[in-house]
*Asks:* 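Pasting a structure below so you can have a look.
Below, all heavy atoms of this structure are taken into account, side chains as well, without hydrogens, waters or symmetry copies. The first residue in the sequence is number 1, and the count goes up from there.
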Amino acid sequence: MDELSVRSLQITAPGVAEVVSIERPVPGEEDVLVEIEAIATCPHWDRHIFEGRPMFEGMRLEYPYWPGQPGHEAVGRIVACGSRVEASRKGERVAVWRDAGPYRRGLYATHAIVPAVNTIAVPEDLPAVSIASLELAMCVQVSIDQLNEIGAIAGQRVVVSGMGPAGLIAVQLMRAAGAEEVWAVDPQAERCDLAASLGATHVCKPGDPRLAVSRNRPEAFHAGLDTTGLPVSIEALMPSCRRAVAIFGVLREPVRFGPTQWYGGFSLIGYGEHNRLSAERALEAILNKQLTLDPLITHQLPLSRYAEGVSLLQSLSAIKVLFDPTR
């Protein structure tokens, strides 16, 4: 590979991925070229695109898929700036805090174009495993901020459903926001144990009778956060939460909202908007050691073994995989 080319992942067909050599991109006026140091999987995105399933309803899915996609959780260094980006940013170590979208080259590559506004400076001494998934932490922080706005976390008993990467982050951010108790719910005992090590005060499996408490009783949860996007999970949380349930997981089916929820000021909160302030709050939590992303990275692989990494996600053997794009 010469200096004018880039190593990039490309999913050529469902279940088939290869590393290809493509022309090195040139940043537009408001873009930067980032030399990628490391990039983490986003399990839902990776599994859907690799398996040939649209991530969202109405999403266009054609193969060969866009080079570098669906990678978007990365840390690297700015090596070139567009004409409207401060030249002083060249050389800055950054994390990508916001996904620029699917219909363009992604970040599973040695170099990638990123809108400058979607990058945030990070410390030189922060290991890649600790910061590559800042984008996911920002996403979860959005839901935390929504619950904070209505006073639903600080000093309260809260519950988080689903101990995938987002749920494990949510447990930590709930504690950082001042929750008195954080209950973690997941069918896998190993995920519950990890949640407990990251700050959950109680862990249990779905269907645990302790979760079936009426929202009118003192021991009810004040608020819940669902990271699964599954109606069965959301509908199980609603009767037990006094103030609100926020939906972080991608919702693909209707959720029943009935008379029991209608009365008493309960709110079912849809997902908010990605924003820089939430990214800055998530980064601050990492730097203050209130949030650690390291335990979420259970495997590290060369990008050339991408299919193996997705297989680990599919079998639930991995929580997240961190790839080295140079290998």
Side-chain angles (χ1 to χ4, degrees), residues 40-45 72-75 94-101 114-115 117-123 126 128-156 158-180 182-184 194-195 198-200 222-229 237 241 243-251 267-297 319-320:
T41 54
C42 175
H44 280 302
W45 268 105
H72 57 270
E73 297 182 21
V75 59
V94 297
V96 179
W97 68 264
R98 180 169 59 187
D99 184 3
V114 182
V117 296
N118 290 358
T119 63
I120 188 169
V122 297
L126 199 60
V129 293
S130 305
I131 194 60
S133 291
L134 177 66
E135 191 270 350
L136 175 59
M138 175 279 299
C139 291
V140 178
Q141 184 68 53
V142 169
S143 289
I144 299 296
D145 290 343
Q146 290 177 290
L147 290 171
N148 272 330
E149 288 173 2
I150 60 173
I153 299 178
Q156 304 293 343
V158 297
V159 57
V160 180
S161 181
M163 289 299 108
L168 293 167
I169 290 174
V171 164
Q172 299 178 73
L173 293 179
M174 287 283 202
R175 293 305 302 271
E180 183 174 328
V182 179
W183 288 58
L194 181 54
L198 294 175
H222 197 67
L225 175 61
D226 175 77
T227 69
T228 72
L237 289 180
C241 293
R243 183 66 181 88
V245 168
I247 304 173
F248 173 86
V250 177
L251 188 63
S267 297
L268 186 60
I269 304 175
Y271 189 68
E273 294 183 1
H274 296 168
N275 64 90
R276 174 81 180 213
L277 182 57
S278 290
E280 291 172 350
R281 287 172 174 158
L283 177 58
E284 182 179 10
I286 293 170
L287 298 181
N288 290 340
K289 303 188 184 306
Q290 296 173 305
L291 171 63
T292 176
L293 302 178
D294 304 44
L296 278 61
I297 303 295
I319 298 176
K320 291 179 79 70

*Asks:* According to side-chain contact (heavy atoms from CB on, under 4.5 Å), who are the partners of H222, at least two apart in sequence or on a separate chain?
*Replies:*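 So H222 forms a side-chain contact (heavy atoms from CB on, under 4.5 Å) with A152, Q156, R242, R243.
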
*Asks:* Do you know which two heavy atoms are closest between C241 and G224, and how far apart they sit?
*Replies:*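 Minimum heavy-atom contact is SG-N, 3.6 Å.
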
*Asks:* Measuring from I120:CD1 to L283:CG, what's the distance to the nearest 0.5 Å?
*Replies:* 5.0 Å

*Asks:* Measure the spacing between CE of M138 and CD of E73 and express it to the nearest 0.5 Å.
*Replies:* 9.5 Å

*Asks:* Which heavy atom of L287 sits nearest to which heavy atom of P123, and what is that distance?
*Replies:* CD2-CG, 3.8 Å

*Asks:* With sequence neighbours left out, what residues match T41 under side chain to side chain donor-acceptor pair (under 3.5 Å)?
*Replies:*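 Result, side chain to side chain donor-acceptor pair (under 3.5 Å) vs T41: none returned.
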
*Asks:* Working to the nearest 0.5 angstrom, can you tell me the gap between D226 CG and L251 CG?
*Replies:* 8.5 Å

*Asks:* My understanding is that only residues two or more places apart in sequence, or in another chain, count here; which of them pass ring pair (Phe, Tyr, Trp, His ring centres under 6.0 Å) with W183?
*Replies:* H202, F221

*Asks:* Mark yes when over 12 heavy atoms from residues, nucleotides or ligands other than E280 sit less than 6.0 Å from its CD; otherwise mark no.
*Replies:* yes

*Asks:* Do Y271 side-chain atoms and C139 backbone N/O form a donor-acceptor pair below 3.5 Å?
*Replies:*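 Such a contact is found between Y271 side chain and C139 backbone.
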
*Asks:* For G162, is there any backbone N or O sitting under 3.5 Å from a side-chain donor or acceptor partner on T227?
*Replies:*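 Yes.
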
*Asks:* Can a donor-acceptor pair be found, under 3.5 Å and without considering hydrogens, that links the side chain of Q146 to the backbone of G270?
*Replies:* yes

*Asks:* Determine whether L225 and M174 make a side-chain contact, defined as any pair of heavy atoms from C-beta on separated by less than 4.5 Å.
*Replies:*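 Heavy-atom side-chain distance check passes, below 4.5 Å.
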
*Asks:* Quick one: CG on L147 to CD1 on I269, what's the gap to the nearest 0.5 Å?
*Replies:* 5.0 Å

*Asks:* Considering non-hydrogen atoms only, spot the tightest contact between C42 and K320 and give its length.
*Replies:*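 It is CA-NZ, 4.1 Å.
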
*Asks:* Ignoring hydrogens, what is the shortest heavy-atom contact between A282 and L134? Give both atom names and the distance.
*Replies:*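 The answer is CB-CD1, 4.1 Å.
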
*Asks:* Which heavy atom of N275 sits nearest a heavy atom of S278, and at what distance?
*Replies:* OD1-N, 2.8 Å

*Asks:* Begin from the C-alpha positions of V159 and L237 and carry the test side chain to side chain contact (heavy atoms under 4.5 Å, CB included) through to its verdict.
*Replies:* CA-CA 8 Å; V159 57; L237 289 180; 3.8 Å; yes

*Asks:* In a table with atom names and distances, give each donor-acceptor pair under 3.5 Å that connects a side chain of residues 164-173 to protein atoms at least two apart or in another chain.
*Replies:*
from	atom 1	to	atom 2	distance (Å)
Q172	OE1	T292	N	2.8
Q172	NE2	L168	O	3.2
Q172	NE2	T292	O	3.2

*Asks:* Can you give me the closest heavy-atom contact between P295 and L198, atom names plus distance?
*Replies:*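 That closest heavy-atom pairing would be CG-CD2, 4.0 Å.
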
*Asks:* Supply the atom-to-atom distance L291 CG to I286 CD1, rounded to the nearest 0.5 angstrom.
*Replies:*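 L291 CG to I286 CD1: 5.0 Å, rounded to 0.5 Å.
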
*Asks:* With the side chain counted from C-beta on, respond yes when H72 and R98 share a heavy-atom pair under 4.5 Å apart, and no when they do not.
*Replies:* no

*Asks:* Closer than 3.5 angstrom, by distance alone: can the side chain of W97 be matched with the main-chain N or O of V117 as a donor-acceptor pair?
*Replies:*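 Pair found, side chain donor or acceptor close to backbone of V117.
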
*Asks:* Quick check against the 3.5 Å criterion: does D99 have a side-chain atom that pairs as donor or acceptor with the backbone of G101?
*Replies:*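 Yes: the side chain of D99 pairs with the backbone of G101.
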
*Asks:* Can you confirm whether more than 12 heavy atoms, excluding those of H274, are under 6.0 Å from its NE2 atom?
*Replies:* yes

*Asks:* Taking salt bridge (charged side-chain N to carboxylate O under 4.0 Å, His left out) as the cut-off, I'd like each qualifying pair that reaches into residues 164-175, sequence neighbours left out, listed once.
*Replies:* none

*Asks:* N148: what forms a side-chain contact (heavy atoms from CB on, under 4.5 Å) with it, not counting sequence neighbours?
*Replies:* I144, D145, I153, A177

*Asks:* How many angstroms lie between atom OG of S130 and atom NZ of K289, to the nearest 0.5 angstrom?
*Replies:* 8.0 Å

